[in-house]
Visitor: 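First, the structure itself, so that you have it in front of you.
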Amino acid sequence: MALVRASQYFLPTWKEDPAEAELPSHKLMLRAGMIRKLAAGIYIYLPLARRVLHKIENIIREEMNAIGGLEITMPVLHPAELWAETGRLQDFGPILGRLRDRAGREMVLGPTHEEVITDLARREIRSWRQLPLVFYQIQTKFRDEPRPRGGLIRAREFTMKDGYSFHESKADLDRFYREIYQAYLNIFHRCALDVVVVEADPGLMGGSESHEFMLPSPYGEDSFIQCESGDYAANLEGAISVKDADPPEPLLPLQEVATPNCYTIEAVAKFLGVPTRKTAKAVFYKAGEELVFVVIRGDLEVNEAKLARALGRTDFRPALEEEIKEIGAVPGYASPIGISRDGVKVVVDDSILKARNLVAGANEEGFHLRNVNFPRDFTADIVADVAMAKEGDPCPRCGAPLRIQRAIELGHIFKLGTKYSEAMGATFLDRMGKSRPLIMGCYGIGVGRLLAAVIEAHHDEAGIIWPANLAPFQVIVSVLDPKQVLLLSLGERLAQALAEAGLEVLLDERDQSAGEKFHDAKLLGIPLLVVVGPRAVGQNQVELERRRDGEKRVVEAKPELVVSKVMELLQGA
RNA sequence: CGGAGAGUAGCGCAGUCUGGUUAGCGCGCAUGGUUCGGGACCAUGAGGUCGGCGGUUCGAAUCCGCCCUCUCCGACCA
């Protein structure tokens, strides 16, 4: 039986918006007494938040268990050597929280657990007969993010459900991937969230396929691109861009033109009176010893995630002016024509393929070339799509315009393949007795972020509006003047009856003004309010008020009647 | 890491430009009383290293320097 007395509980609510919060979910969680900040991006979860988190976590558990997931708990502290094995000790960089134990051993605070689970797998999994195996945990992660923001939306210390699956074949991973995809939809649906599933960039996680589960929100920390007709949605990092081409035109001869003080595409285009899409832009990166020379249509931007894929490396940075000059290119007037190709990798975006008679730099201060054409005038080491998709671009599937949406990334699932198992030697004997690396997938949900997202999706000016299945309490029984013994005892009886009927009940018998109690009830977002006040009780009645729509009922103050009416109203909450 | 802003009582803020009684206001908190249907009222009271350190000055919340913390924008973000 679940009956909590407010006077003995911890409800540190605030009347005013805190100065430090910007997002509705952040403000409301502070105001409702759910969280308190310890340091930037590091929060204490108070009792009210814990109640909701338990429900969210249990939904996740049920759905994970239903597809064969086995719950485990892995350590927060990992030996750094494990991370060195996969190279991620380096790759994660300063995001990785690091420390030494008393013996001087390097340790890391786990930002994720591929290394640990793969270590477990290589010790324990020997035969295909043990497969498939799906482990998951709901546990604290630490990432020393450069910029935490928005309360629980992007914290440094946060709770994550992370799952890892091991398979004997790609086909079995594919099968399980479809199951977990559906399980994720179930989880978010049960949390009353309308998520959009977007194709994501598997990037350097390796593997073939990856999806993100996004909740569209103006306060999102992420964005994705979506086709109006709904047949394509992708993370911006991986979004395929279709480049509309101009109609073909005859190739004209190269022609040098003076363009004084035109150091930017906009300036050149304006000076020569051509649209920016009729220019070729040069963008430079330094990757190790190599200078990467990207040629892209002037109206487009380079997508560095796509460039990383085209190059097969991520260790590059924008080049310095001196580095550009070293190869004979002139910053502001650069083009791939007439430069030294020694130690230079020319990457041509596919937007250049169909473009004709472009304006490009002449590698001479104050001059550009007209009528530059690929591949007539220069060659490429790599031709690839390295452009950032943008608002209004045609959808790669149906051609309808694409729109950019801000969103909260709630979940991310990956087909990892053998990246970790190979790096760490996690192998098994297959049906033919042959040793092969385990085939893996990994699957994350930001639990705290999910909690915040539920509030983002379900609140109004007065406070939170919990979906009934996530609410910390389903009913709040508010005794307006608890010093009147009759009112208090009636409130107690009703609360008891409701609790015995299986509901979680908060009995607000605090000696506070009616207004405060009404406001708190709304702020806390409890689906149903039972008002035990002198006015109605005088006529042997109590009032019910539904949080979601303000729907009110008056009921005779008999426990059975109140219970049945509460149940009825909760159906619509 | 770049840009912007902020740090004064538990919360929200004024005071700082132009140095000068005992550092204020609202809310909250404690005690007593009056109230009791949509954030009541009266009285009394507690609560402050004015983010820290250093400097200037007869005198610093206020001026100067360094540092710390927090927020927002950007970069970044399996």
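Note that these values count all heavy atoms, side chains included, but never hydrogens, waters or copies made by symmetry.
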Visitor: Under 6.0 Å between ring centres: does that hold for A:W466 and A:F473?
Guide: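 Centroid separation for A:W466 and A:F473: 6.0 Å or greater.
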
Visitor: Do A:Y177 and A:H211 make the cut of ring centroids closer than 6.0 angstrom?
Guide: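 Ring centres of A:H211 and A:Y177 closer than 6.0 Å.
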
Visitor: What nucleotide among B:rG38, B:rC70, B:rU35 has an atom nearest to a side-chain atom of A:K552?
Guide: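 The answer is B:rG38.
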
Visitor: Say we look at B:rA23 and B:rU18: how far apart would their P atoms be, to the nearest angstrom?
Guide: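 One P to the other, the span is 24 Å.
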
Visitor: Would the A:F176 and A:Y443 ring centres measure less than 6.0 Å apart?
Guide: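 Yes, ring centres under 6.0 Å apart.
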
Visitor: I need the minimum non-hydrogen distance between A:L46 and A:P12, along with the two atoms involved.
Guide: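 A:L46 and A:P12 have their closest heavy atoms at CD1-CG, 4.2 Å.
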
Visitor: P atom, B:rC67 versus B:rC1: distance in rounded Å?
Guide: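 About 12 Å, rounded to a whole number of Å.
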
Visitor: How would you label the contact of A:K27 with the nucleic acid (heavy atoms, under 4.0 Å): base, sugar-phosphate, or nothing?
Guide: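 No contact.
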
Visitor: Can you tell me the base-pairing partner of B:rG5? Count Watson-Crick or G-U wobble geometry only, both distances below 3.5 Å, and say none if there is no partner.
Guide: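 B:rC70 is the nucleotide pairing with B:rG5.
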
Visitor: What does B:rG45 pair with, Watson-Crick or G-U, if both distances are under 3.5 Å?
Guide: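 Checking every strand shown, B:rG45 finds its partner in B:rC29, with both distances under 3.5 Å.
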
Visitor: Across the strands shown, which category fits A:E115 at heavy-atom distances under 4.0 angstrom: base, sugar-phosphate, nothing?
Guide: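 Contact class for A:E115: none.
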
Visitor: Using a heavy-atom cut-off of 4.0 Å across all strands, would you classify A:A21 as base, sugar-phosphate, or nothing?
Guide: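 Since no nucleic acid heavy atom lies under 4.0 Å of A:A21, the category is nothing.
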
Visitor: Take the protein atom CD of A:E409 and the nucleotide atom P of B:rA78, then report the distance between them rounded to whole Å.
Guide: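 That distance rounds to 9 Å.
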
Visitor: Considering Watson-Crick and G-U wobble pairs with both distances under 3.5 Å, what does B:rA78 pair with?
Guide: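 B:rA78 is paired with nothing.
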
Visitor: In whole Å, what separates the C1' atom of B:rG59 from that of B:rU21?
Guide: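 About 12 Å, rounded to a whole number of Å.
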
Visitor: Report the residue (A:I95 or A:H26) whose heavy-atom-nearest nucleotide on RNA chain B is the more 5′ of the two.
Guide: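 Nearer the 5' end of the strand: A:H26.
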
Visitor: Before we go on, tell me: are the rings of A:F213 and A:Y184 under 6.0 Å apart, centre to centre?
Guide: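 That pair passes the under 6.0 Å test.
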
Visitor: Indicate, yes or no, whether a donor-acceptor pair under 3.5 Å links the base of B:rG38 to the side chain of A:E516.
Guide: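 By the distance-only test, no, there is no pair.
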
Visitor: Please state how far atom CD in A:E22 lies from atom C1' in B:rC70, giving the value in whole angstrom units.
Guide: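 Whole-Å distance recorded here is 13 Å.
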
Visitor: Using whole Å, what does the distance between atom P of nucleotide B:rC29 and atom CD of A:E16 come to?
Guide: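 In whole Å, B:rC29 P lies 13 Å from A:E16 CD.
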
Visitor: Any base atoms under 4.0 Å from A:G538, or only sugar-phosphate, or nothing? Heavy atoms, all strands.
Guide: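 Result for A:G538 = nothing.
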
Visitor: Students often get this wrong, so: under 4.0 angstrom with heavy atoms, is A:P534 touching a base, only sugar-phosphate, or nothing?
Guide: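 Answer is base: heavy atoms of A:P534 come under 4.0 Å of a base.
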
Visitor: Of A:R449, A:H458, A:H459, A:E456, which meets side chain to side chain donor-acceptor pair (under 3.5 Å) against A:S25?
Guide: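 Answer after filtering A:R449, A:H458, A:H459, A:E456: A:E456.
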
Visitor: Tell me if the side-chain of A:E545 makes a donor-acceptor pair with the base of B:rG38, cut-off 3.5 Å, by modelled atom types.
Guide: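 Pair found.
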
Visitor: Expressed as a whole number of angstroms, how long is the span from A:R36:CZ to B:rG10:C1'?
Guide: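 The distance from CZ of A:R36 to C1' of B:rG10 comes to 10 Å, rounded to the nearest Å.
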
Visitor: Applying the Watson-Crick and G-U wobble criteria at under 3.5 Å, what pairs with B:rG65? Answer none if nothing qualifies.
Guide: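 Pairing partner, where one exists within any strand: B:rC53.
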
Visitor: Using atom OH of A:Y219 as one end and atom C1' of B:rC72 as the other, report the distance to the nearest whole Å.
Guide: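 It is 13 Å, rounded to the nearest whole Å.
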
Visitor: Check every strand shown and say whether A:K522 touches a base, only sugar-phosphate, or nothing at a heavy-atom separation below 4.0 Å.
Guide: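 Base contact.
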
Visitor: Tell me the interatomic distance from A:I476, atom CD1, to B:rG38, atom P, rounded to whole angstroms.
Guide: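 After rounding, the gap between these two atoms is 17 Å.
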
Visitor: Using a 4.0 Å heavy-atom cut-off across all strands, classify A:Q484 as base, sugar-phosphate, or nothing.
Guide: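 The answer is nothing, as A:Q484 stays clear of every strand by at least 4.0 Å.
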
Visitor: Using side chain to side chain donor-acceptor pair (under 3.5 Å) as the criterion, point out the one residue from A:K141, A:Q139, A:H412 that pairs with A:D162.
Guide: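 For A:D162, the side chain to side chain donor-acceptor pair (under 3.5 Å) check succeeds only for A:K141.
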
Visitor: Output the single nucleotide from B:rU71, B:rC77, B:rG37 whose closest atom is nearest the side chain of A:F518.
Guide: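 Of all the options, the side chain of A:F518 is nearest to B:rG37.
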
Visitor: Counting only Watson-Crick pairs (N1-N3 plus N6-O4 or O6-N4) and G-U wobbles (N1-O2, O6-N3), all under 3.5 Å, who is the partner of B:rC13?
Guide: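 Base-paired to B:rG24.
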
Visitor: Atom CG of A:L30 and atom C1' of B:rG12: how far apart are they, to the nearest Å?
Guide: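 Between C1' of B:rG12 and CG of A:L30: 14 Å.
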
Visitor: Counting any heavy atom closer than 4.0 Å, what does A:E20 reach on the DNA or RNA strands: base, sugar-phosphate only, or nothing?
Guide: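 Sugar-phosphate contact only.
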
Visitor: Considering every strand shown, what is the Watson-Crick or G-U wobble mate of B:rG39 when both distances are under 3.5 Å?
Guide: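 With both distances under 3.5 Å required, B:rG39 matches none.
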
Visitor: Expressed as a whole number of angstroms, how long is the span from A:N303:CG to B:rC77:P?
Guide: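 Interatomic distance, CG of A:N303 to P of B:rC77: 11 Å.
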
Visitor: Check every strand shown and say whether A:D520 touches a base, only sugar-phosphate, or nothing at a heavy-atom separation below 4.0 Å.
Guide: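 Result for A:D520 = base.
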
